[in-house]
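Here the structure comes first, spelled out in structure tokens, and everything after it is commentary.
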Amino acid sequence: MEVTLLKANIDNAKELHAMQVESFKELLEKYQDFDTSPANEDMEKVEARLKQDFTFYYFICIGQQKVGAVRIIDKKENRKSKRISPIFILPEFQGKGIAQKAIRLCEEKHGNENWELGTILQESKNCHLYEKMGYRQTGKTKVINEKLTLIFYEKKEANKA
């Protein structure tokens, strides 16, 4: 299965927002994190991000089908970290290794060094994915509510994962 990235722009805001809500809906229901969940963001927030000159949104595609998306924050400053925030795969395509391939493509496109991201500590599959790809826990966490804690990861140098 070939995974590709297709750059999104402001005209794609509605589609990106709909995919984001669909992809994070189950986690929002599970964790009730109404203030922080991407499923609960309004479309204006997606539009504002698309207008940032340091934000790159890509649709994650299999063939011509859009199955998810990823936002990369890359200020193109030497030795500054790039950030994945968020990455999401539509529910029917999750668990197929698509996110892993998409992250590799992002790292190829934006450079293999100095990455960071956050994920839900209680979602062991997500933590396993990032650790398998060479990301290491920073030791920093943020409690959102009694059900959900965010854990932060970094990848400083090019690791073969």
Side-chain angles (χ1 to χ4, degrees), residues 1-31 33 36-77 80-120 123-136 150-155 157-161:
M1 159 176 42
E2 187 185 1
V3 174
T4 59
L5 299 178
L6 174 65
K7 191 152 180 2
N9 62 43
I10 193 71
D11 297 333
N12 304 118
K14 199 171 189 175
E15 184 178 12
L16 280 167
H17 180 257
M19 291 174 79
Q20 176 176 299
V21 168
E22 177 68 22
S23 298
F24 283 101
K25 186 171 56 178
E26 190 177 312
L27 292 174
L28 174 62
E29 290 168 9
K30 182 175 180 179
Y31 294 109
D33 56 322
T36 59
S37 174
N40 215 33
E41 288 180 355
D42 57 28
M43 200 178 65
E44 288 73 23
K45 194 159 188 176
V46 173
E47 286 176 336
R49 287 181 183 144
L50 279 161
K51 291 176 183 174
Q52 295 170 330
D53 60 0
F54 54 83
T55 284
F56 301 84
Y57 265 102
Y58 300 99
F59 286 108
I60 301 167
C61 304
I62 297 172
Q64 298 300 308
Q65 187 169 18
K66 295 172 184 168
V67 300
V70 59
R71 174 184 175 228
I72 304 298
I73 302 164
D74 184 356
K75 296 187 177 179
K76 307 264 187 212
E77 296 173 22
K80 291 284 186 183
S81 290
K82 295 159 289 261
R83 183 167 186 77
I84 297 171
S85 178
I87 182 169
F88 51 91
I89 306 294
L90 291 169
E92 61 268 32
F93 296 98
Q94 291 174 6
K96 300 178 187 308
I98 297 167
Q100 185 174 335
K101 290 178 182 175
I103 291 169
R104 278 207 187 98
L105 290 171
C106 290
E107 290 174 348
E108 287 172 17
K109 198 175 278 285
H110 289 270
N112 288 317
E113 297 180 343
N114 298 322
W115 285 89
E116 56 185 40
L117 57 85
T119 194
I120 300 171
E123 291 295 315
S124 58
K125 286 183 192 170
N126 290 1
C127 294
H128 177 73
L129 164 68
Y130 300 128
E131 289 169 13
K132 181 170 69 171
M133 296 195 67
Y135 287 76
R136 300 289 167 247
L150 292 178
I151 185 168
F152 297 92
Y153 284 87
E154 64 185 6
K155 186 175 184 178
E157 43 195 74
N159 301 359
K160 293 293 178 219

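All values below were derived from every heavy atom in this structure, side-chain atoms included, with hydrogens, water molecules and symmetry-related copies excluded.
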Worksheet item: Quick check: does any side chain N or O of Glu47 sit under 3.5 Å from a backbone N or O of Ala13, one acting as donor and the other as acceptor?
Response: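 Absent.
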Worksheet entry | N/O donor-acceptor pair under 3.5 Å between His17 side chain and Glu41 backbone |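 It does hold such a pair.
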Worksheet item: So Lys7 and Phe56, side chain to side chain contact (heavy atoms under 4.5 Å, CB included) or not? Walk me through it.
Response: CA-CA 7 Å; Lys7 191 152 180 2; Phe56 301 84; 3.9 Å; yes
Ignoring hydrogens, what is the shortest heavy-atom contact between [X] and [Y]? Give both atom names and the distance.
X      : Y     : result
Gly111 : Lys82 : O-CE, 3.7 Å
Ser23  : Pro91 : CA-CD, 4.1 Å
Lys66  : Cys61 : CG-SG, 4.0 Å
Pro86  : Phe24 : CB-CZ, 4.0 Å
Arg49  : Gln20 : NH1-OE1, 4.5 Å
Ala102 : Ile87 : CB-CD1, 4.4 Å

For [X], look at atom [atom1] and say whether over 12 heavy atoms of other residues, nucleotides or ligands are found less than 6.0 Å away.
X     : atom1 : result
Gln52 : CD    : yes
Glu92 : CD    : yes
Gln64 : CD    : no

Practice prompt. Begin from the C-alpha positions of Val46 and Arg71 and carry the test side chain to side chain contact (heavy atoms under 4.5 Å, CB included) through to its verdict.
Written response: CA-CA 10 Å; Val46 173; Arg71 174 184 175 228; over 6 Å; no
Worksheet item: Should Tyr130 and Ile151 be marked as a side chain to side chain contact (heavy atoms under 4.5 Å, CB included) after you check the CA-CA gap, both sets of side-chain angles, and the distance that decides it?
Response: CA-CA 11 Å; Tyr130 300 128; Ile151 185 168; over 6 Å; no
Worksheet item: Which residues pass the ring pair (Phe, Tyr, Trp, His ring centres under 6.0 Å) test with Tyr58, sequence neighbours left out?
Response: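 Residues passing ring pair (Phe, Tyr, Trp, His ring centres under 6.0 Å) with Tyr58: His110.
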Once rounded to the nearest 0.5 Å, what's the spacing between atom [atom1] of [X] and atom [atom2] of [Y]?
X      : Y      : atom1 : atom2 : value
Asp53  : Lys75  : CG    : NZ    : 9.5 Å
Tyr153 : Glu116 : OH    : CD    : 14.0 Å
Ile73  : Trp115 : CD1   : CH2   : 10.0 Å
Glu131 : Asn126 : CD    : CG    : 11.0 Å
Lys155 : Asn114 : NZ    : CG    : 11.5 Å
Ile120 : Lys30  : CD1   : NZ    : 8.0 Å

Contact check, side chains of [X] and [Y], non-hydrogen atoms, under 4.5 Å:
X      : Y      : value
Leu5   : Cys106 : yes
Ser81  : Glu154 : no
Leu16  : Leu50  : yes
Tyr135 : Ile103 : yes
Gln100 : Val3   : no
Val21  : Phe88  : no

Worksheet item: Centre of Phe93's six-membered ring, under 6.0 Å away, within 45 degrees of the axis: is that where NZ or CZ of Lys101 sits?
Response: no
Fill in: Residue pair Leu150, Thr119: steps toward the side chain to side chain contact (heavy atoms under 4.5 Å, CB included) verdict
CA-CA 5 Å; Leu150 292 178; Thr119 194; over 6 Å; no
Worksheet item: Can a salt bridge be assigned to the pair Glu22 and Lys25 using a cut-off of 4.0 Å between side-chain N and carboxylate O?
Response: yes
Discussion item. Using side-chain hydrogen bond (donor to acceptor under 3.5 Å, both in side chains), reason through Gln94 and Lys125 one step at a time and then give a plain yes or no.
Written reply: CA-CA 11 Å; Gln94 291 174 6; Lys125 286 183 192 170; over 6 Å; no
Fill in: side-chain hydrogen bond (donor to acceptor under 3.5 Å, both in side chains) against Thr36, all qualifying residues, sequence neighbours excluded
Asp33
